[in-house]
Amino acid sequence: MSDLSELYQEVILDHNKRPRNFRVLDAAAHRAVGHNPLCGDQITVFVQLDGDVIRDVSFQGAGCAISKASASMMTDAVKGKTVAEVQDLFHQFHAMVTSTPDALPDVDRVGKLAAFAGVCEFPARVKCASLAWHTLQAALHQVPDPVTTE
Ligand code: ZN
C-alpha cells in the first residue's frame, strides 16, 4: 500500500509542477470562479461545449499543490466526455475523497483520479481536492456567482 501511495504522490506532484490545460480558453462559453477560503485556493474553470460533449476545458488560478493537481487532472479526465458522464465521475470522485481511509478506490471508474483517494484522511484537504470539480459544475450550469467551498 505504501508503494501505491508513493506512486499517487508522484502523480499529484507532477500535475502540480506541470499542470495540464493551464490556460485561458477564449472560446469558452462556460466559465466559473471557485474559491476555497480555508486554504486560499482560487480557480477559474473554462469549458467549451459541443452539444453535451466537453470539447475543451482549461483552468487558471493559484492555490496549494492538491488544488492545482486536482484541477489539472480534472481537466484531463473530463475532456471529450458528455455532461452526464462528467456528473457520474464527479460523484465517484466526491464519494472517494469523503470515504473512509481504508476504502479502496474503484480504479476502473475513477482511473488516475484514484491518486486523490488518500485525501479522505485529511478532511481539510477534501475542499482543496474538490474545488475544481465544484467549479466545473458551476461553469456547466452557468452559475453567475463565484463558488465557495464554505
Ligand atoms: Zn488548498
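Numbering of ligands and ligand atoms starts at 1, following listing order.
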TODO: Look only at the side chain of Asp41 and the backbone of Cys64, and say whether a donor-acceptor pair between them is shorter than 3.5 Å.
DONE: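 Yes; judged by distance alone, with no hydrogens or angles, the pair exists.
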Task: Side-chain (His141) to main-chain (Gln137) donor-acceptor, under 3.5 angstrom - done: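 Yes, His141 side chain to Gln137 backbone: donor-acceptor pair under 3.5 Å.
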Open item on the list: Below 30° counts as parallel, above 60° as perpendicular, anything between as tilted: where do the rings of Phe93 and Phe116 land?
Closed with: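 Perpendicular: the ring planes of Phe93 and Phe116 meet at over 60°.
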- [ ] Kindly state whether the ring of Phe59 and the ring of Phe46 have centres lying under 6.0 angstrom apart.
- [x]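 Between Phe59 and Phe46, the centre distance exceeds or equals 6.0 Å.
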- [ ] In sequence, state the C-alpha distance, the side-chain angles, and the governing distance for Gln48 and Val57, and then conclude on side-chain contact (heavy atoms from CB on, under 4.5 Å).
- [x] CA-CA 6 Å; Gln48 189 187 355; Val57 55; over 6 Å; no
TODO: Measure from NZ or CZ of Lys68 to the centre of the six-membered ring of Phe22 and say whether it is under 6.0 Å with the direction within 45° of the ring axis.
DONE: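 Yes, cation above the ring, under 6.0 Å and within 45°.
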Open item on the list: Around the Zn ion (ligand 1), how many protein N, O or S atoms are found at less than 2.8 Å?
Closed with: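 Protein N, O or S neighbours of the Zn ion (ligand 1) under 2.8 Å, waters not counted, come to 5.
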